[in-house]
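Residue numbers start from 1 in every chain, and the chains themselves are labelled A, B, ... in the order their sequence lines are given, proteins ahead of strands.
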There are 2 protein chains.
Amino acid sequence: MSSKILDYIAKFVKLDEEEAHLFCNCFKEVKVKKRQLIVQPNFIAKHRNYILKGAFRAYVIGDEGQDHTINIAIDDWWITDYNSYIYQQPATLFVVALEDSTVLQIDYEKELSLKKQNHKFETFFRIIAERGLAFQQRRLLSNLTQSAEERYEHFVSNYPQIVQRVPQYALASYLGMTTEFLSRIRNKRISKKS
Amino acid sequence: MSSKILDYIAKFVKLDEEEAHLFCNCFKEVKVKKRQLIVQPNFIAKHRNYILKGAFRAYVIGDEGQDHTINIAIDDWWITDYNSYIYQQPATLFVVALEDSTVLQIDYEKELSLKKQNHKFETFFRIIAERGLAFQQRRLLSNLTQSAEERYEHFVSNYPQIVQRVPQYALASYLGMTTEFLSRIRNKRISKKS
DNA sequence: ACTAGATCAACAAAATTTCTTAAACTACTT
DNA sequence: AAGTAGTTTAAGAAATTTTGTTGATCTAGT
């Protein structure tokens, strides 16, 4: 079945046959339709989701209805509301499918038991947590220090696949600018290039 | 505030000032955007929803992706996944807004306490449950005994407001036929009439 | 063989979402 | 005071999705 996630974990820890099997069996494959929410405010995020195929956006709606994109994720990335998942508290984020997608879901209890029973799993989850943390930090930094245009250029060169795949409003909101402004930045580039 | 639901309950039990107040305070007014889900499989349906204004559809997606509409509801009707709500078990249904809507939500615990503390509330919830049951039975019967065309005619004469308000695919699926077939039935009628 | 109805495919119409552009505005910088 | 970086509002164009229609072909039951 999902050899993809085994390839993934194999990059971090070496599992034997049995462990691989155990690991796989903790995940459930779920199809998610475009626009469907997999996490919703006030509900506890029960799963951590590995995206087999698809694209998701995690966002908050502020008190005045402002939409802030916390995260965008596509194939081979993880997504959930970590504050909700890790502490098993009601979520504050929405996580929505931007296209028809397939995810592998592991639930909180299963993850806990994996980590408890085998050091390797503990290691694996630590590594992805650390990487997630580092990623968030880079992002925060880039938001604080770079201009809107730099942030966009930076994003394009780092994640060209994502740029082509997600709607512009999602990207603009992720990069912390209005869609109008992003639209202009893009046009400027195009006229420069030609 | 929501005198509408007081008018509603007044049809069934007579409440004094204080009871009315108590009852009202158990409900929260919530706006729901078109296409938003208020119940989703795998999540527990925490609320019973009284539709102040709007339209909803409750449906299941079968194993092969077949979409069965369990219920359609508009202004002044109730909707939720009752199997999930009553037993507080994970839902199997989707309940989606067919248009921008406003509902009054009561949650399970509050409803429980209303019913426990005052006989009248117990009576009220019994009555709406009985009526719901009777309605479901009529529907089941009509599905078993009538032809697609009869079911449609029947529905049109009983709920003309709904017919005009919900998309045809929803109605077709509710009436247990394909949208193509419903489309044909409708055309037949029109040509008959003129 | 007839009927009630489904399925498939192609298409048209309607509605919605997404993107673009322009104009006027705000807050900083210089 | 003028320029830069960016927002807001509004309007419209373009793209995509959703919804509904029609015809052709199929199936199960009578």
* Asked: Is A/Lys11 salt-bridged to A/Asp76, going by a charged N under 4.0 Å from an acidic O?
  -> no

* **Exam field: side chain A/Gln88 to backbone A/Tyr85, donor-acceptor pair closer than 3.5 Å** => yes

* Checking B/Arg48 side chain against B/Ile86 main chain: does a donor-acceptor pair fall under 3.5 Å? -> no

* Begin from the C-alpha positions of A/Arg186 and A/Tyr152 and carry the test side chain to side chain donor-acceptor pair (under 3.5 Å) through to its verdict. => CA-CA 9 Å; A/Arg186 282 185 150 170; A/Tyr152 175 68; 2.9 Å; yes

* To do: For DNA chain D, note the earliest and the latest nucleotide, 5' to 3', having some atom under 4.0 Å of a heavy atom belonging to chain A.
  => D/dG6 to D/dT18

* Structure fact -> By side-chain contact (heavy atoms from CB on, under 4.5 Å), B/Lys46 pairs with (sequence neighbours left out) A/Phe43

* In terms of side-chain heavy atoms of B/Thr178, which of C/dA6, C/dT17, C/dT20 is nearest? -> C/dA6

* Structure fact -> Residues of residues 159-175 of chain A with a heavy atom under 4.0 Å from any atom of DNA chain C, listed by number, are A/Pro167, A/Gln168, A/Tyr169

* Asked: Which is it for B/Gln136 and B/Leu140 under the side-chain contact (heavy atoms from CB on, under 4.5 Å) test, yes or no, and what are the steps along the way?
  -> CA-CA 6 Å; B/Gln136 285 308 133; B/Leu140 186 63; over 6 Å; no

* Asked: Is the backbone of A/Thr92 close enough, under 3.5 Å, to the side chain of A/Asp81 for a donor and an acceptor to pair up by distance?
  -> yes

* Do the side chain of B/Arg165 and the main chain of B/Ile74 share a donor and acceptor less than 3.5 angstrom apart? -> no

* Take the angle between the ring planes of B/Trp78 and B/Phe27 and call it parallel below 30°, perpendicular above 60°, tilted in between. => tilted

* Asked: Just by modelled atom types, is the B/Thr179 backbone N or O under 3.5 Å from a matching donor or acceptor in the B/Ser183 side chain?
  -> no

* To do: Using the closest heavy atom to pick a nucleotide of DNA chain C for each, name whichever of A/Phe181 or A/Arg35 lands nearer the 5' end.
  => A/Arg35

* Asked: Between B/Tyr59 and B/Asn71, does a side chain to side chain donor-acceptor pair (under 3.5 Å) hold up when you go through it step by step?
  -> CA-CA 7 Å; B/Tyr59 62 101; B/Asn71 228 327; over 6 Å; no

Nucleotide N/O to protein N/O under 3.5 Å, stretch nucleotides 8-12 of chain C:
{"from": "C/dC8", "atom 1": "N4", "to": "B/Glu180", "atom 2": "OE2", "distance (Å)": "3.3"}

* Over 60° means perpendicular and under 30° means parallel, so classify the ring planes of A/Phe124 and A/Phe12, tilted if in between. => tilted

* Within this structure, what is the NZ-to-P distance between B/Lys34 and C/dA14, rounded to whole angstrom? -> 15 Å

* Answer yes or no: is there a donor N or O on one side and an acceptor on the other, between the side chain of A/Ser84 and the main chain of A/Ala45, under 3.5 Å? => yes

* To do: Grab the CD-C1' distance between B/Glu149 and C/dG5 for me, whole Å please.
  => 12 Å

* Asked: For A/Ser147, which contact category applies under a 4.0 Å heavy-atom criterion: base, sugar-phosphate, or nothing?
  -> sugar-phosphate

* Can you tell me if B/Lys4 uses its side chain to pair, donor with acceptor, with the backbone of B/Leu52 under 3.5 Å? -> yes

* Asked: How close or far is atom C1' of C/dA6 from atom CG of B/Leu182, stated in whole angstroms?
  -> 14 Å

* Could you check B/Ser183 against A/Gln146 and say which one's nearest nucleotide on DNA chain D is further toward the 5' end? => A/Gln146

* Asked: Are the side chain of B/Ser173 and the backbone of B/Thr69 linked by a donor-acceptor contact shorter than 3.5 Å?
  -> yes

* **Strand-adjacent residues in residues 94-101 of chain A, judged by heavy atoms under 4.0 Å from DNA chain C** => none

* Within the distance-only criterion (no hydrogens, no angle test), does the side chain of B/Gln40 pair as donor or acceptor with the backbone N or O of A/Leu37 below 3.5 angstrom? -> yes

* To do: Whole angstrom is fine here: how far is it from CD1 in B/Ile185 over to P in C/dT3?
  => 16 Å

What are the atom names and distances for every N/O pair under 3.5 Å that joins the protein to nucleotides 28-30 of chain C?
none

